[in-house]
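Report on the structure given below.
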Amino acid sequence: MAKEFLINVSPSETRMAVLEEGKLVELSKESHSAQRHIGNIYRGKVENVLPGMQAAFIDIGMDKNAFLFVDDLHTEDENGSASISDLLREGQEIIVQLVKEPMGNKGARVVTNLTIPGRYLVLMPTVDYIGISRRIEDERERERLKKIAQHLKPKGMGMIIRTAAEGLAEEELEADRNFLLNLWQKILKRTKKGPTPALLFHDHDLLYRVLRDLFTTEVDRLVIDDLTTYEKALDLLAFLGPHLRNKVQLFTGHSLFSIYNIEQQIEEALRRKIWLESGAYLVFDQTEALTVVDVNTGKYIGSTCLEDTVLHTNLAAAKEIARQIRLRNIGGIIVIDFIDMGDEENKKQVLDCLATELQKDKVKTNILGFTSLGLLEMTRKKTRPSLREQLQQPCSCCEGTGYKYSLETQAARAERRIIELGADHPNDEALLIGVNSALAALLIGPGGNRLNALEKTLKKTVFIRGKEEIPLAEARVIAGGQKEYVQSLALPVKEGDRLEVDVIEPHLNNPVDGIARLDGYIIDIENGGRFIGQRVRVKIEKMFKTYAKAVIED
């Protein structure tokens, strides 16, 4: 099975796509301004103990307290049937690890059985245990690795052998063990000093996690479209996996994800209806805890008999459902309404097909089988938001029944489009780009920092102008050429101009001043903060690239 990783880097985010046989099966993204929390270790404080729920709320320094179940507090042997109120008290300090991101109105979920991942091993400093990756199937190899683990395992601690350790000598595993032990000692030192709550350990960025956790010999190649990230990957692999460096390739063309048809497949994964090649289709309906998938024959009429048509439709659906579950990162309870099958052997064939496809999924799934109503039930562990929750937001116009791209996602898409437009104008020193007015300020960023990053990527001067008539999904080149010429077209005002503007908000850092906007261009009005919501006459005093200073005229 051909397997490829693609990494796309833009000024605001990094995206990683997993392709199997040319089809997108997983998508991860990480904003450069927002931190990921899964795997982080904290010194927290017990805020509330709830005996009726056998749980506690832990303050780890986030907006909402984290949730700790009694079963996640100790191993089953240690706990027995003890009440959580016998194990924890309010105000107590406790070391926890975040295993589930905050989602919606729910806080993060934490555990006290800590795991510290390395390239080949996972160290479990709080439990005495040995485990071998289920993806290592050869029994002789499993036994060999188990003996090595018994020899290397620190006394009183646990160790899991990861898939990447298959075939490696004990010396290589020992080096990874020593690295993790050293890291644990550093974490222990941090637990003894400083305020509470406190972050004791923060997991690495997306690139490092991909190389450490996912990039194995099973992967045919890793393609990266950013030179700095490509060089960093080679440096990391020098100690994470030197034998894999020849699989890393630098993409120097334009729009890596478009060339591999990733953008279109992301769009399809956000749709409610998915068409199969045969003409049948699937319908996905997601709620917070439950997802229902409906299978329909659609335009597919088969060629022999009804039972054969139904079987072929359900088999094709099973494969696509497994792919979509991974791609959409659907968690919780999943109910699949396959087309009714009278033959028990056919039901088993569809069940086996689904199970085989789900074996490719690194997230734990559990198929419960068909109910008396003929519905297939399964569960999938949920640790982070689904693809839809990451990329879209509820639409206020339809009260949450439909979704649209968030403004931040639209801005990131516009940013990528601007990078493509810049590559199409290699001889222009500067560009004036038109975008929807709702995106202009986002693309410029506070103090122009996001625009500066975009210019660094393009190696051009860029001016942004907001226009209501431009759709949110578009970005257009209004003008290009020498910097002085483009600037003369880009700035909507000049020094000495007198005009009337609407004061829409106070200045972020100086609330005494007021802010007005002209096509996304900021007018900073001295002492204008008291006129919020009013129209005032101002004089432009001084011009800058992304804003102008103005004073109120009597």
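The first residue of the sequence shown is numbered 1, and numbering continues consecutively from there. Atom set for the values below is all heavy atoms of this structure, side chains included, hydrogens, waters and symmetry mates excluded.
The salt bridge (Lys or Arg N to Asp or Glu O under 4.0 Å) search around Glu500 returns Arg535, not counting sequence neighbours. When the ring pair (Phe, Tyr, Trp, His ring centres under 6.0 Å) test is applied to Tyr485, no partner is found at least two apart in sequence or on another chain. Evaluation of the ring pair (Phe, Tyr, Trp, His ring centres under 6.0 Å) rule for Tyr208 yields His204 as partners, not counting sequence neighbours. For Ala414, the side chain to side chain contact (heavy atoms under 4.5 Å, CB included) partners are Leu439, Leu443, not counting sequence neighbours. Partners of Lys23 by salt bridge (Lys or Arg N to Asp or Glu O under 4.0 Å), not counting sequence neighbours: none found. In this view, Arg537 and Glu553 satisfy the salt bridge (Lys or Arg N to Asp or Glu O under 4.0 Å) rule, not counting sequence neighbours. With sequence neighbours excluded, the residues satisfying side chain to side chain contact (heavy atoms under 4.5 Å, CB included) with Ala440 are Val435, Ile464. Residues passing the side chain to side chain contact (heavy atoms under 4.5 Å, CB included) test with Lys549, sequence neighbours excluded: Asp513, Asp524, Lys542, Phe544, Tyr547. Every residue was checked against the ring pair (Phe, Tyr, Trp, His ring centres under 6.0 Å) condition with Phe531, not counting sequence neighbours, and none meets it. Under the ring pair (Phe, Tyr, Trp, His ring centres under 6.0 Å) criterion, Phe67 pairs with Phe57, Phe69, not counting sequence neighbours.
In this structure the side chain of Ser28 reaches within 4.5 angstrom of the side chain of Arg384, judged on heavy atoms. No side-chain heavy atom of Val293 sits less than 4.5 Å from a side-chain heavy atom of Gln324. Using a 4.5 Å heavy-atom cutoff, the side chains of Ile552 and Glu526 are not in contact. At least one side-chain heavy atom of Ile262 sits under 4.5 Å from a side-chain heavy atom of Leu19. Between Asn527 and Val512, the closest side-chain pair of non-hydrogen atoms falls below 4.5 Å. No side-chain heavy atom of Ser10 sits under 4.5 Å from any side-chain heavy atom of Thr457. Leu237 has its side chain within reach of Phe215: a pair of non-hydrogen atoms, C-beta onward, lies under 4.5 Å apart. At least one side-chain heavy atom of Asp424 sits under 4.5 Å from a side-chain heavy atom of His254.
For the atom pair CD (Gln410) and CD (Gln393), the distance works out to 9.0 Å, reported to the nearest 0.5 Å. The distance from the CG atom of Asp205 to the NE2 atom of His32 is 8.5 Å, given to the nearest 0.5 Å. Annotation: the span from Ile38 atom CD1 to Arg109 atom CZ amounts to 12.0 Å, rounded to 0.5 Å. Atom CD of residue Gln534 and atom CG of residue Asp502 lie 10.0 Å apart, to the nearest 0.5 angstrom. Here CZ of Phe201 is found 9.0 Å from CG of Leu199. Values are rounded to the nearest 0.5 Å. Taken to the nearest 0.5 Å, the NZ atom of Lys539 stands 10.0 Å off from the CD atom of Glu495.
Proximity of a side-chain donor or acceptor of Thr461 to a complementary backbone N or O of Leu431 within less than 3.5 Å is not detected. Checked by atom type and distance alone, the side chain of Thr409 pairs as donor or acceptor with a backbone atom of Leu391 at under 3.5 Å. Between the Arg15 side chain and the Ala17 main chain, no donor and acceptor come within less than 3.5 Å of each other. The backbone N or O of Arg89 lies less than 3.5 Å from a partner atom in the side chain of Gln92, making a donor-acceptor pair. The main-chain N or O of Lys494 is found under 3.5 Å from a side-chain atom of Asp497 such that the two form a donor-acceptor pair. Looking at Arg119, its side chain does come within 3.5 Å of a backbone N or O of Leu211 through a donor-acceptor pair. No side-chain donor-acceptor contact under 3.5 Å links Asn65 to the backbone of Gly107. Side chain of Gln54 to main chain of Ile84: a donor-acceptor pair is present (N/O by atom type, distance under 3.5 Å, no hydrogens or angles). Distance alone, capped at 3.5 Å, places no donor-acceptor pair between the Asp428 side chain and the Ala430 backbone. Side chain of Arg43 to backbone of Ala198: no donor-acceptor contact under 3.5 angstrom is found.
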Name the atoms and distances for all side-chain donor-acceptor pairs under 3.5 Å in residues 466-479, with sequence neighbours left out.
| unit_1 | atom_1 | unit_2 | atom_2 | d |
| --- | --- | --- | --- | --- |
| Glu474 | OE1 | Arg476 | NE | 3.0 |
| Glu474 | OE1 | Arg476 | NH2 | 3.1 |

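For the side chain to side chain donor-acceptor pair (under 3.5 Å) test with Asn8, the passing option among Thr14, Asp226, Asp225 is Asp225; the others fail. A side chain to side chain donor-acceptor pair (under 3.5 Å) with Ser12 holds for exactly one of Glu408, Glu415, Arg416; it is Glu415. Screening Met16, Glu20, Arg323, Lys362 for a side chain to side chain contact (heavy atoms under 4.5 Å, CB included) involving Glu26 leaves a single residue, Lys362.
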For this session: Would you please test Ile522 and Thr546 for side-chain contact (heavy atoms from CB on, under 4.5 Å) and show each step?
Result: CA-CA 7 Å; Ile522 293 172; Thr546 58; over 6 Å; no
For this session: Apply salt bridge (charged side-chain N to carboxylate O under 4.0 Å, His left out) to the pair Asp72 and Lys100, showing each step before the final yes or no.
Result: CA-CA 12 Å; Asp72 295 327; Lys100 189 174 182 180; over 6 Å; no
For this session: Tell me, with the steps shown, if Arg380 and Asp361 meet salt bridge (charged side-chain N to carboxylate O under 4.0 Å, His left out).
Result: CA-CA 10 Å; Arg380 185 173 185 266; Asp361 190 356; 2.7 Å; yes
Exercise. Step by step, would you call Arg517 with Glu505 a side-chain contact (heavy atoms from CB on, under 4.5 Å)?
Worked result: CA-CA 10 Å; Arg517 285 195 175 90; Glu505 60 189 342; 2.8 Å; yes
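Residues Glu101 and His37 have side chains that bring a donor and an acceptor to within less than 3.5 angstrom of each other. Defined by atom type and a distance below 3.5 Å, a donor-acceptor pair is missing between the side-chain atoms of Ser386 and Arg328.
Applying the salt bridge (charged side-chain N to carboxylate O under 4.0 Å, His left out) rule to pairs touching residues 429-439 yields nothing, sequence neighbours excluded.
Glu263 and Ser258 get closest at one heavy-atom pair: CG-OG, 3.9 Å.
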